[in-house]
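See below for the structure under consideration.
Values in this document were obtained by computation on a predicted structure and should not be read as measured data. Naming convention: chains lettered A, B, ... in sequence-line order (proteins, then strands); numbering from 1 in each chain.
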2 protein chains.
Amino acid sequence: MTDDYKARVATIFDVARLAGVSHQTVSRVLNDLPNVRPATRQRVEKAIAALNYRPSPAARALVTRRSRTIGLITTGGPDYGPSSAVLHFNEAARNARYAVSMASMLKSEPDSLRSAVELLLRQNVEAIVLIAAHRGALDAVQGIELGVPLVAVDSSGRSGFHSVAIDQYRGARAAVAHLAGLGHTRIRHLAGPADSMDALERVRGWRDELAARGLVALEPMVGDWSPASGFGFGTALAQQGASLDFTAVFAGNDQMALGLVHALTGHGFTVPRDVSVIGFDDIPESAYFAPPLTTMRQDFDSLGRDILFTLLAVLADEDSPGVPPMVPELVIRSSTAPPPRPSLPTGG
Amino acid sequence: MTDDYKARVATIFDVARLAGVSHQTVSRVLNDLPNVRPATRQRVEKAIAALNYRPSPAARALVTRRSRTIGLITTGGPDYGPSSAVLHFNEAARNARYAVSMASMLKSEPDSLRSAVELLLRQNVEAIVLIAAHRGALDAVQGIELGVPLVAVDSSGRSGFHSVAIDQYRGARAAVAHLAGLGHTRIRHLAGPADSMDALERVRGWRDELAARGLVALEPMVGDWSPASGFGFGTALAQQGASLDFTAVFAGNDQMALGLVHALTGHGFTVPRDVSVIGFDDIPESAYFAPPLTTMRQDFDSLGRDILFTLLAVLADEDSPGVPPMVPELVIRSSTAPPPRPSLPTGG
DNA sequence: ACGATCTGTACCAGATGCGAC
DNA sequence: AGTCGCATCTGGTACAGATCG
């Protein structure tokens, strides 16, 4: 008697009774199957409306083994890029009448990843989307027998999964090209962590663009995306003293660029007079840094939508050509400029 | 024959057969019910492991009418605070063996909110979590017959729903107190949008703290959380000319503080020498702004966990005392300092 | 006779193949 | 042939009854 009065929801049988048909005729109407007389369909639909009937997804999922749910796995913290992509993906999915079940994890340990996948699988998700920065995340999932398609954000394009991506490589080349075009010849790279596919692609682009121009690549510094790591390397670089062995830095993301600039200016260098800095991502804050940061804008919104688009194509079993990767766009602001006058031979 | 070989998952009957018991006994061990001989339990567990059996949530949900799923609604863009909270909430939920079905929307129009709620309800979620900045979001949901508990992040505490919050009011007072303690008497406020509950609470805190100290409150500027709006107001303020009518600004969030500082310094003012600025949130970038931003840190991680904690309590039907709101913590960096020398009467 | 242990069967709310009009 | 209904199935849980020491 405690909760017996719990809103008893109408079932397909209630609808059938009210409409004066059998329950499977109702089922036909629900699923838009043929062979239902228009008049009958009308009656059923009226009954459905009258009872405010909604089919039970549980019962439906049980028998169809399909849930109209997509599993979404994300790894990493609340960064602007992934967060945007998630939001837009989610909205697109809802518009396509898919529910999305989310499993996020701060760290991407293989074990937790695997258990997240299993959790989703157990929910009968029809597909899995993986938005993970770490290469290891893809590897960890590789081994699992999924049974459903998986779409990953994978700029390396070598995961074997269906993938969507932003062309990090071309973005990086464009960034370096911008610097080189300004006259810089000694362009360092402050890279993201080695386990990040995006970071690797950007390193590759940086290296190739330098090579294509006959410029030498100094050993890249590898940070962890955080402003703190940018600050650390900036401080280390500044210790070189008054004359630096470079005139420009291509930072792997805007946060590291921020930390870097902060360290540099803290040591008496001026950006961009003494050194130019270009970032990557174009987070909303970048335009208001001091100086406003030149950076490569990534269209995360479209990325999110593209993920769903790809997913739908895969689910529809189309031999999806795949969405071509977008190319980041150069946003020129005030942190880049021509290099300082050719430095005179460094005295003792 | 196309997909008949689709990984046939083991059912409770398969386990029963392998263990030599009835499926019902298997159900008992699954649900930790008594009256199962230890030896039998062992056999069943071995069979479960051998078949890698996992109960079907669909079947279970069908009969129990419980889905072990929580619906999560978020509104707004990919901001640091909400994103963090979502991530931590999600992880906590998974640890509590709850799935979370997400419905995010960039804008919080009543219609889309309502349809999101219905979508989740149809999925038989056991509860709904609402992480929305806009007051209107709560109002829109008020009218809906939910049938399940709803926990909202609501710093106003007047929504009628179960709520979790960070004490924006006390945070704001602490921010103003910091400024006042430094000797400032003319403290302006750059507020968040009027439809944000947090923004309103901060305005209230700012006003009350000023009043408590016998200081006058100049009309607050209301921005939209974006650095651009901060920049806009900063520019406007700077137009006042060499002598400003204030010595400190309490910004509603770090982004607006960033834009504000950028505008001020662009017009020849120095922070904190000429004007002190304090932000709110402590986003990861704040420590590397120029100058590093003094701000009020909000513990979004704990907020996310508290949401789940509260939800669990509500679901357990406890007369939840509720988690007491956390108080933001003052983080003193370099954007605040004592006010400039008492300004001499302004000449013509 | 009786409590611990286990089994049989009904049931949740739909989808679907086959047969009947 | 076009409409519609009956029976059966999905994979679990719940409750009553059977078995055994």
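Direction of the helix axis in the helix from C/dC2-D/dG21 to C/dC21-D/dG2 shifts by 50° between the two five-pair termini, rounded to 10°.
The closest side-chain heavy-atom distance from A/Tyr53 to A/Leu30 is below 4.5 Å. Using a 4.5 Å cut-off on side-chain heavy atoms (C-beta onward), B/Asn90 and B/Leu87 make no contact. In this structure, B/Leu121 and A/Arg54 have side chains that are not in contact, with every pair of non-hydrogen atoms separated by 4.5 Å or more.
A donor-acceptor contact shorter than 3.5 Å links the side chain of A/Thr64 to the backbone of A/Arg60. Although no hydrogens or angles enter the test, the distance criterion places no donor-acceptor pair under 3.5 Å between the side chain of B/Ser83 and the main chain of B/Tyr80.
Rounded to whole angstrom, the span from the CG atom of A/Leu121 across to the P atom of D/dG11 amounts to 15 Å. Rounding to whole angstrom units, CZ of residue B/Arg43 and C1' of C/dT5 are separated by 12 Å. A straight line from CG of A/Leu51 to P of C/dA13 spans 14 Å, rounded to a whole angstrom. Distance, A/Arg41 CZ to D/dT3 P: 10 Å, rounded to whole Å.
When all heavy atoms of B/Ser112 and B/Lys107 are compared, the pair lying nearest together is OG-O, 4.5 Å.
Between D/dG2 and A/Arg37, no contact under 4.0 Å exists linking OP1 or OP2 to a side-chain N or O. B/Thr25 has no side-chain polar atom (N or O) that falls below the 4.0 Å cut-off from OP1 or OP2 of C/dT5. The phosphate of C/dA13 has OP1 or OP2 within less than 4.0 Å of a side-chain N or O from B/Arg65.
No salt bridge links A/Arg114 with A/Glu118; every basic N to acidic carboxylate O contact stays at or beyond 4.0 Å.
Ranking C/dC6, D/dG11, D/dC4 by closeness to the A/Thr40 side chain, first place goes to D/dC4. In the set D/dC4, C/dA13, C/dT5, C/dT5 carries the atom at the smallest distance from any side-chain atom of B/Asn35.
Partners of A/Arg37 according to the salt bridge (charged side-chain N to carboxylate O under 4.0 Å, His left out) rule, which considers only residues two or more places apart in sequence or in another chain, do not exist here.
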In 5'-to-3' order, the base (B), backbone-only (S) or no-contact (-) status of each nucleotide in nucleotides 14-21 of chain C, using a 4.0 angstrom heavy-atom cut-off, is BBB-B---

Going through the checks in order, is the side-chain hydrogen bond (donor to acceptor under 3.5 Å, both in side chains) test met by A/Ser22 and A/Gln24? CA-CA 6 Å; A/Ser22 78; A/Gln24 52 288 61; 2.5 Å; yes

